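Notes for the one structure printed next.
Atoms within a ligand are numbered from 1 in the order they appear, just like the ligands themselves. All figures in this text were calculated on a predicted structure; none of them were measured in a lab. Values below: all heavy atoms of this structure, side chains included; hydrogens, waters and symmetry mates excluded.
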Amino acid sequence: MPGLSGKRCVVTGAARGIGAAIAQAFVNEGASVIATDIDAALGRETADRLAMPFHHLDVASEGDWAALALRFPEVDVVVNNAGITGFEAGAVAHDPEHAALDDWRAVMAVNLDGVFLGCRYAIGAMKRSGAGSIINISSRSGQVGTPRAAAYAASKAGVRNHTKTVALYCAEQGWRIRCNSIHPGAILTPMWEALLGDEPGRAERMAAFVADTPLQRFGKPCEVAAIAVLLASDDAAYMTGSEITIDGGLLAGSAVRP
Ligand code: NAD
């Protein structure tokens, strides 16, 4: 029997990258998945390819979550994956001295408000059965400071902490609703493709980005998805409020070089 057989799952930001890989892995494990994204065109294309329904959802919109709750009032797994760096429209200053308040708020709206609303929806949709798994995609940037991505780092630290609050709250209520976070390092997705750019020089830029990573490579979306499968499954029934780092060893400490 596949590990997620019979589980009803919602994945945000599922049009591409890590979200699409999680949606694919869940289906492979026997789950039924609702793919959601703010990008309706790409979201529908991905959902069609993976043979699953698509629901348009901007995670920062309370109204969009209310509409999702009307259409899918009961779920077993919610993956709060959608996130932005704030650099999508090009490089802007995001250091603590120069970051603009509007830029800071734009990142918070998606990364932190989005996860808050996603957890709130999940609790409501899991309460009746009293069980479920909420998986929040944070980042290694939520565990350490990131001088040139201040808003992103603060938002992901907020995701890390809110995950633990949700876990404790649900346990207090006597529900078996678990909430855990995943902390990826550099995973090669369209988010990174934009930063790496095209040839010439792409290989050098890639090498520079992974130079401090002990495993000396980018991670793959399917490698993050494998962790999400574990957290979604009943094999992780005793895990709540936990964080799993998947970063090629980056945060393990400084590598000692002879
Ligand atoms: P990506 O940019 O490739 O994909 C993100 C998806 O989220 C896109 O489909 C986009 O349309 C969607 N999205 C953006 N804003 C949205 C909104 N307001 N509502 C709904 N959907 C929205 O990014 P990715 O690399 O796949 O990242 C997925 C998650 O993993 C993000 O939370 C990101 O912060 C986190 N993460 C990624 C990396 C990495 O190296 N790729 C590392 C750490 C954490």
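Atom 10 (C) of ligand 1 has as its closest protein heavy atom Asp37 OD1, 3.5 Å. Of all protein heavy atoms, the one closest to atom 43 (C) of ligand 1 is Pro184 O, 3.2 Å. Among protein heavy atoms, atom 6 (C) of ligand 1 sits closest to Gly13 O, 3.7 Å.
The structure places CH2 of Trp65 at 11.5 Å from CZ of Phe116, a figure rounded to the nearest 0.5 Å. In this structure, CG in Asn180 is found 12.5 Å from OG in Ser138, a value given to the nearest 0.5 Å.
Counting the atoms of ligand 1 from 1 in the order shown, those under 4.0 Å from a heavy atom of Leu57 are 19 (N), 20 (C). Interface atoms of ligand 1 facing Pro190, defined by a heavy-atom separation under 4.0 Å, are 3 (O). Short contacts between ligand 1 and Ile18, defined as distances under 4.0 Å to a heavy atom of the residue, involve ligand atoms 26 (O), 30 (O), 37 (C). Near Arg16, meaning under 4.0 Å from one of its heavy atoms, ligand 1 places the atoms 1 (P), 2 (O), 3 (O), 4 (O), 8 (C), 9 (O). Near Ser138, the atoms of ligand 1 lying under 4.0 angstrom from a non-hydrogen atom of the residue are 35 (C), 44 (C). Close approach of ligand 1 to Asp58 (heavy-atom distance below 4.0 Å) involves ligand atoms 17 (C), 18 (N), 19 (N).
Ligand 1 has no atom lying under 4.0 Å from any heavy atom of Gly43. Heavy-atom distances between Ala109 and ligand 1 stay at or above 4.0 Å for every pair. Within the 4.0 Å heavy-atom shell around ligand 1 one does not find Thr12. Between Lys156 and ligand 1 there is a heavy-atom distance shorter than 4.0 Å. Residue Phe218 places every heavy atom at 4.0 Å or more from ligand 1.
Of the polar atoms of Asp39, none of the N or O atoms is found under 3.5 Å from an N or O of ligand 1, judged by distance alone. The shortest N or O to N or O distance between Ile187 and ligand 1 is below 3.5 Å.
Closest to atom 5 (C) of ligand 1 by heavy atom, among Gly17, Gly19, Gly83, Ala35, is Gly83.
In this structure, Phe218 and Trp192 have perpendicular ring planes: the angle between them is above 60°, well past the 30° mark.
Here Thr85 has no heavy atoms under 4.0 Å from ligand 1, in either its backbone or its side chain.
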